[in-house]
A.B. asks: 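I am attaching a structure below and will ask some questions about it afterwards.
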Amino acid sequence: DAMVIQNPRYQVTQFGKPVTLSCSQTLNHNVMYWYQQKSSQAPKLLFHYYDKDFNNEADTPDNFQSRRPNTSFCFLDIRSPGLGDAAMYLCATSREGATGVDYNEQFFGPGTRLTVL
Amino acid sequence: GQNIDQPTEMTATEGAIVQINCTYQTSGFNGLFWYQQHAGEAPTFLSYNVLDGLEEKGRFSSFLSRSKGYSYLLLKELQMKDSASYLCARHGGATNKLIFGTGTLLAVQP
């Protein structure tokens, strides 16, 4: 089945130790998104890739970086995790600009729950 | 959420009907999504409205009034498994970003 996959589902890291979260998709969607969601809060968009074009949100800390080596994969790098970065990180994809697409539904992966010790 | 308002919590009884309201900032509006999110899981798509009116999909319906910046999600014949957070999300103009509300936590009781 076509889907959005995130690994790992649970990640524990130490304060200040770099960590990478991964996302892959078999939907062949051209847009991929990374959201941060803290408990009882709305998902907050960190950045997205439209094809290879990187779009950073103005309030996303420099501590967060992303890479998209190809259509299928996208990575979230947290260079120096702080206690405040503990959250669920959601990857999502959508197909933009395609003929016959009525609306740009975003498909979410299961998320990676990050714990910072 | 950014200029999106929805109630924080609601409680309803199994078998009943519940309406979850959402108001949003109308500038740059390009569509309104509803997502369901169970605790610890990813949001899943429920509905999309871009024109005024009611969209019905099984037990779930969603309504939109663009002039009022208002939407609601209607859940009929509630089941225990409908206990979840319901996120209203506005489609944000040229960038196609989704701007989420903080969600309404619905508890369905026997």
A.B. asks: Is there a side chain to side chain contact (heavy atoms under 4.5 Å, CB included) between A/Q41 and B/F100? Walk through the geometry before answering.
C.D. replies: CA-CA 9 Å; A/Q41 295 185 19; B/F100 283 91; over 6 Å; no
A.B. asks: Membership question, hydrophobic clusters at under 4.5 Å side-chain separation (ILVMFWY): are B/L51 and B/Y72 in the same one?
C.D. replies: no
A.B. asks: Check the hydrophobic clustering (I, L, V, M, F, W, Y; side-chain heavy atoms under 4.5 Å; chains of links allowed) and say if A/I78 and A/F75 are grouped together.
C.D. replies: no
A.B. asks: Looking only at heavy atoms, which two atoms of B/F45 and A/E105 are closest? And how far apart?
C.D. replies: CB-OE2, 3.1 Å
A.B. asks: In this structure, are over 12 heavy atoms from other groups packed under 6.0 Å from A/Q14 atom CD?
C.D. replies: no
A.B. asks: Applying a criterion of heavy atom separation less than 4.5 Å, what residues of residues 108-117 of chain A form contacts with chain B?
C.D. replies: A/F108, A/G109, A/P110, A/R113
A.B. asks: As an exercise: rank A/R9, A/M88, A/E57 by heavy-atom pairs under 4.5 Å with chain B and give me the winner.
C.D. replies: A/E57
A.B. asks: Look up atom CD in A/Q106 and atom NE2 in B/H91, then write down how far apart they are to the nearest 0.5 Å.
C.D. replies: 6.5 Å
A.B. asks: For atom CG of A/D62, decide whether the heavy atoms of other residues, nucleotides or ligands shown that lie under 6.0 angstrom number more than 12.
C.D. replies: no
A.B. asks: Shared ILVMFWY cluster between A/L90 and A/L76, side chains joined below 4.5 angstrom?
C.D. replies: no
A.B. asks: Is there a path of hydrophobic side-chain contacts, each under 4.5 Å between heavy atoms of I, L, V, M, F, W or Y residues, that connects A/F47 with A/Y89?
C.D. replies: yes
A.B. asks: B/L106, B/M80: one ILVMFWY side-chain cluster at the under-4.5 Å cut-off?
C.D. replies: yes
A.B. asks: Looking at B/A89, B/A42, B/S85, which makes the most heavy-atom pairs under 4.5 Å with chain A?
C.D. replies: B/A42
A.B. asks: Name the region of A/Q6, side chain, backbone, both or neither, that has any atom closer than 4.5 Å to a heavy atom of chain B.
C.D. replies: neither
A.B. asks: I'd like to know whether CD of B/E77 has more than 12 heavy-atom contacts from other residues, nucleotides or ligands below 6.0 angstrom.
C.D. replies: no
A.B. asks: Take B/L98 and A/Y35, measure what side chain to side chain contact (heavy atoms under 4.5 Å, CB included) needs, and give me the verdict at the end.
C.D. replies: CA-CA 10 Å; B/L98 275 185; A/Y35 290 86; 3.6 Å; yes
A.B. asks: Using every non-hydrogen atom in the two residues, find where A/A42 and B/T102 come nearest and quote the distance to one decimal.
C.D. replies: CB-CA, 3.7 Å
